[in-house]
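Right, one structure below, let's go through it.
Treat the numbers as computed from the prediction; the structure is a model and nothing was measured.
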Amino acid sequence: MASRMALLCLLGLLVASPAIADSGIYYQLALMWPGAYCQQTNAGCCKPTTGVSPARDFYVSGFTVYNATTDAPVTGCNNAAPFDPNKITGVQGLYQYWSSIKCPSNNGRSNWKNAWKKSGACSGLEEKDYFEAALSFRSRINPLVRLKAQHIEPDFGLYGVKTIKNVFKAGINAAPVVQCSKGPFGKFQLFQLYFCASASGKFIDCPAPEQYTCSKEILFHPFQKWMLKQQLNESTAANPFVLPGVAVEM
Ligand SMILES: *[C@@H]1O[C@H](CO)[C@@H](O)[C@H](O)[C@H]1NC(C)=O
Ligand SMILES: *[C@@H]1O[C@H](CO)[C@@H](O)[C@H](O)[C@H]1NC(C)=O
């Protein structure tokens with residue numbers, strides 16, 4: 001019941017009550033920038049087999065429950081509730097915003113299963129609610145729109161890490177943790193943003209932020225749908241009408 005209430009608050013349908021705010025957990029949402037992923041991964045990135053085009057936006061790459069007393073992830077619940085892919089087939093935005101663009105092309109299911117086993121089963125939420133909660137957070141943060149409104153765009157430009165954090169501090173009153181990766185031209189690039197929220201769904205600065213190496217200014221790499229490769233296998237490689245690396249219908 002408590003977790004059900006927490007979810008409703010999360011979705012902004014209820015006003016938080018002190019009892020819920022005291023549930024002893026908080027959430028961390030990891031959002032990955034696909035432009036950086038495609039650039040930095042040797043295997044490149046691949047178009048999912050779902051037939052649904054992933055959004056040109058940040059994707060959910062993790063949704064973790066933390067113990068607010070110890071700041072450790074709440075784990076060890078993997079046997080509590082086995083992952084059932086049928087429970088999330090109708091979740092809106094799942095294919096677009098929690099897609100797996102890992103190569104070889106895949107349907108994302110193992111990604112969702114891992115998230116559920118690692119953290120979802122410990123969240124106190126039903127499976128469908130867990131995925132919807134993460135996607136609801138993502139859309140409330142709406143990172144790319146917020147950044148673009150401040151002229152921070154995936155255009156190979158260099159942007160201050162502080163400037164990026166301040167966009168969110170001003171917008172949702174919480175700054176993300178910024179994770180960089182090695183990008184082109186020897187520059188660090190924007191790879192992931194981590195946001196935290198209390199059990200009542202209020203965004204907070206992450207209480208025990210991981211430290212990642214970035215430079216003061218980081219590159220924001222473009223993401224184009226053609227970067228997503230079609231699955232390359234014997235039969236497609238031999239087909240003269242398929243250009244490897246070029247996705248025709250997106
Ligand atoms: C958090 O950790 C403390 C100390 O180990 C434990 O007593 C408490 O039950 C944990 N809370 C949750 C929500 O897991
Ligand atoms: C190779 O690609 C074709 C066409 O997309 C597909 O039908 C076939 O199942 C794939 N083979 C393997 C081994 O993945």
Side-chain angles (χ1 to χ4, degrees), residues 1-14 16 20 23 25-34 37 45-67 73-102 105-145 172 174 176-177 192-204 206:
M1 184 60 193
S3 59
R4 184 82 207 166
M5 297 266 295
L7 174 79
L8 290 174
C9 293
L10 211 63
L11 298 175
L13 302 175
L14 268 183
I20 291 162
S23 68
I25 58 138
Y26 60 88
Y27 301 100
Q28 182 184 269
L29 183 72
L31 297 179
M32 183 190 83
W33 177 245
Y37 178 84
C45 55
C46 282
K47 191 178 169 183
T49 58
T50 54
V52 177
S53 287
R56 274 172 72 179
D57 207 327
F58 286 78
Y59 302 154
V60 175
S61 54
F63 187 44
T64 313
V65 182
Y66 281 81
N67 182 320
V74 180
T75 54
C77 317
N78 30 339
N79 294 324
F83 178 73
D84 177 358
N86 295 321
K87 286 189 176 161
I88 56 168
T89 44
V91 170
Q92 242 194 347
L94 187 69
Y95 291 151
Q96 289 87 353
Y97 294 105
W98 198 332
S99 8
S100 171
I101 54 171
K102 208 174 158 184
S105 291
N106 67 91
N107 63 9
R109 196 174 282 180
S110 72
N111 222 9
W112 301 323
K113 185 177 178 180
N114 288 340
W116 175 253
K117 286 179 72 171
K118 183 179 157 222
S119 219
C122 295
S123 65
L125 301 173
E126 294 294 324
E127 186 181 313
K128 189 175 187 217
D129 297 340
Y130 168 77
F131 286 92
E132 285 181 340
L135 290 162
S136 155
F137 270 145
R138 204 216 70 89
S139 78
R140 280 170 59 203
I141 297 166
N142 207 1
L144 193 58
V145 168
I172 59 170
V177 175
Q192 300 207 86
L193 296 173
Y194 297 87
F195 292 89
C196 289
S198 68
S200 66
K202 181 176 173 289
F203 290 114
I204 54 173
C206 293

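- Put simply, the side chain of Tyr59 reaches to within 4.5 Å of the side chain of Ile101, judged on heavy atoms.
- Inspection of the Ser53 and Gln96 side chains reveals no N or O donor paired with an N or O acceptor under 3.5 Å.
- Distance alone, capped at 3.5 Å, places no donor-acceptor pair between the Asp129 side chain and the Leu125 backbone.
- Centroid-to-centroid, the aromatic rings of Phe63 and Trp112 stay 6.0 Å apart or farther.
- Considering CD1 of Ile25 and OG1 of Thr64, their distance stands at 11.5 Å, rounded to 0.5 Å.
- Taking CD of Glu126 as the reference point, atom NZ of Lys87 lies at 6.5 Å (rounded to 0.5 Å).
- Taking 4.5 Å as the limit, every side-chain heavy atom of Arg140 sits out of range of all side-chain heavy atoms of Ile172.
- Although no hydrogens or angles enter the test, the distance criterion places a donor-acceptor pair under 3.5 Å between the side chain of Ser105 and the main chain of Lys47.
- The structure places CE of Met32 at 11.5 Å from CG of Leu193, a figure rounded to the nearest 0.5 Å.
- Using a 4.5 Å cut-off on side-chain heavy atoms (C-beta onward), Phe203 and Ile141 make contact.
- Judged by distance alone, the side chain of Arg138 and the main-chain N or O of Phe58 form a donor-acceptor pair under 3.5 Å.
- Side-chain atoms of Pro176 and Tyr194, non-hydrogen and from C-beta on, never get closer than 4.5 Å to each other.
- The closest side-chain heavy-atom distance from Val60 to Phe137 is not below 4.5 Å.
- For the atom pair Cys196 SG and Tyr27 OH, the distance stands at 12.5 Å (nearest 0.5 Å).
- For the residue pair Thr49 and Asn107, no side-chain donor N or O sits within less than 3.5 Å of a side-chain acceptor on the partner.
- The side-chain heavy atoms of Leu29 and Leu31, taken from C-beta on, include a pair separated by under 4.5 Å.
- Using modelled atom types, one side-chain atom of Ser119 and one backbone atom of Val65 make a donor-acceptor pair closer than 3.5 Å.
- The CG atom of Asn86 sits 12.5 Å away from the NZ atom of Lys128 when rounded to the nearest 0.5 Å.
- Taking each heavy atom of Leu135 and Gly93 in turn, the nearest pair found is CD2-O, 3.9 Å.
- In this structure, Cys45 and Lys102 have side chains that are not in contact, with every pair of non-hydrogen atoms separated by 4.5 Å or more.
- With contacts defined as side-chain heavy-atom distances shorter than 4.5 Å, the pair Pro48/Pro54 qualifies.
- For Tyr26 and Tyr66, the gap between ring centers is short of 6.0 Å.
- A donor-acceptor pair under 3.5 Å links the side-chain atoms of Glu127 to the main chain of Asp84, judged by distance alone.
- Using bins of under 30°, 30° to 60° and over 60° for the plane-to-plane angle, the ring pair Phe131/Trp116 lands in the parallel bin.
- Considering SG of Cys122 and CG of Asn67, their distance stands at 11.0 Å, rounded to 0.5 Å.
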